[in-house]
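Letters A, B, ... are given to chains in the order of the sequence lines, protein chains preceding strands, and every chain is numbered from 1. Both backbone and side-chain heavy atoms feed into the values below; hydrogens, waters and symmetry mates do not.
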Amino acid sequence: MLEGRDLSFGYAGTSLFEQLSLAVPPRTIVGLTGRSGRGKSSLGRILAGHLRPSSGTVVIDGQPRKCGALDSVQYLHQTPIFAFNPRWRIERILSEAWPCDADTRRSLEIPDALLRRYPHELSGGELQRVAVLRALAPGVRYLIADEITAALDPITQARLWRVLQERVADGLGILAISHDRALLQRIAGTVRAL
Amino acid sequence: MSLLQIENLCLSFRHYRGLVHEAQTSVLRGIGFDVDRGEVLAVIGGSGAGKSLVAQALFGVLPGNALVSGIMRFEGVLIDKTTRPRLLGRRMALLPQSSSHLDPMANCSSQLRWAARRGGRTIRKADAQAAFLRFGLPASVGKAFPHELSGGMARRVMMAIATITEPDLLVADEPTAGLDAGNAETILSQLRAAADAGGGVILITHSLPEALKFADRVVMIENGQLVGTEAAADFTGSGASLRSHYGQALWQALPQNAFGAANA
């Protein structure tokens, strides 16, 4: 179980949230919604270890996260182009994370031709699938999905979530951050408003 | 006569492959649709489908390596290099996607007055304030610089700038991207109001639910091609009255419907 305990956080003297606790169990999608500027993404980044909370702790199965190894919590960006090295080909971007197996690659519909391209030569949907593939390394047990399909058309959105839902059945836990209440109602077991 | 007619619009980009060889990548093929007065036409497509390029082709703001062919007519008059100066900012206006289109070095009031002057009108300070007020902006916005505005306010300032010359055709490129539900609703109702007042509006968006709420017709673009034109009212129930296969797939893929049961 991925747990944030009594988290507080804010920018420049203003507080975004205080004493907030949130748990993401394995095999579950937890939805997180709320108006712009309420701190949804900040909370996601804290759980993924990208930001340090001003107080409180993040624990995985009751233990603090280990440094220096692959983090079992991975963060997925709303605009994946910012999460890639623009001067690397997709091939190198993926192999830096893990030697992706053909089955996972096929399930995310990433053909060989895509591997030779640079990030800016991919469409938004293709980029997000590459980002998901990169994050699904063995050992990753939780994903923080921050508005990952907000910029995608409904068909691409449904396909991507289908793949993630299969992974959840196999044991993955996901925190799905979204403005789209209909989407969260469809995919998430519980929805938390911030 | 339609306000705007687009026929067989094709677009490709020229680029170098290696040092010498030139190659062309085709990004739009055979796009065609009409917009009438009083109508909001939604142009829907995923990212990379080419929907913003249609707007850029219309306004002649494509990068230099773009090759455009096809016919675009405004009230029957061919839109080209010679007629554009009389149309842009006067008869047709673009509401750009990002607030980076505002001048970071000038306050909002000056930018509004410049837009009016470029469109052949001079406005006084009071007119500028009235224009901001129409979009729910306080008079203090006039003195503010773009970096002092929130995303929703910046979008409304751009709306005020785009509509200051009362254009007949308004093209809004992803006007709600990055806005919360309240701000998005405000912008979209204002676009609807512009159409109801007798103008034509093109709403470029990737969000089908948003388009359906405010548009009369929906044009769907996928991989640079037109894959269907539907009446917004036909997106209802099981989607049986939708004529195009893509329209049905899109409707079925919504989380509030079957979430992708049909194959695109």
Visitor: Closest approach of B/F259 and A/Q165, non-hydrogen atoms and distance?
Guide: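 For B/F259 and A/Q165, the tightest heavy-atom pair comes out as CE2-OE1, 4.3 Å.
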Visitor: Over all heavy atoms of both residues, which pair between B/A253 and A/A158 is shortest? Give the atoms and the distance, please.
Guide: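 What the structure gives for the nearest pair is O-CB, 3.8 Å.
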Visitor: Taking side chain as everything from C-beta outward and backbone as N, CA, C, O, which of these in A/I187 sits under 4.5 Å from a heavy atom of chain B? Side chain, backbone, both or neither.
Guide: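 A/I187 touches chain B through side-chain heavy atoms alone.
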Visitor: Quick check for you: to the nearest 0.5 Å, what is the distance between B/N257 atom CG and A/R186 atom CZ?
Guide: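 That separation rounds to 8.0 Å.
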Visitor: Nearest 0.5 Å, please: how far is CD in A/E121 from OG1 in B/T25?
Guide: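 Atom-to-atom, B/T25:OG1 and A/E121:CD are 9.0 Å apart.
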Visitor: Quick one: CG on A/D180 to CD on B/Q256, what's the gap to the nearest 0.5 Å?
Guide: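 Reported to 0.5 Å precision, the distance equals 6.5 Å.
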Visitor: What heavy-atom pair brings B/L208 and A/P154 nearest, and what distance separates the two atoms?
Guide: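 Here B/L208 and A/P154 meet closest at CB-CG, 4.4 Å.
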Visitor: Looking at residues at least two apart in the chain, or sitting in another chain, which of them share a side chain to side chain contact (heavy atoms under 4.5 Å, CB included) with A/F82?
Guide: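 So A/F82 forms a side chain to side chain contact (heavy atoms under 4.5 Å, CB included) with A/H77, A/T79.
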Visitor: What is the distance from atom NZ of B/K51 to atom CG of A/D153, rounded to the nearest 0.5 Å?
Guide: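 Here the interatomic distance stands at 8.5 Å.
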Visitor: Answer yes or no: are there more than 12 heavy-atom neighbours, outside B/R192 itself, under 6.0 Å from its atom CZ?
Guide: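 More than 12 within 6.0 Å, yes.
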Visitor: Atom CZ of residue position A/R35 - does it have more than 12 heavy atoms of other residues, nucleotides or ligands inside 6.0 Å?
Guide: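 Atom CZ in A/R35 is not crowded, with 12 or fewer foreign heavy atoms closer than 6.0 Å.
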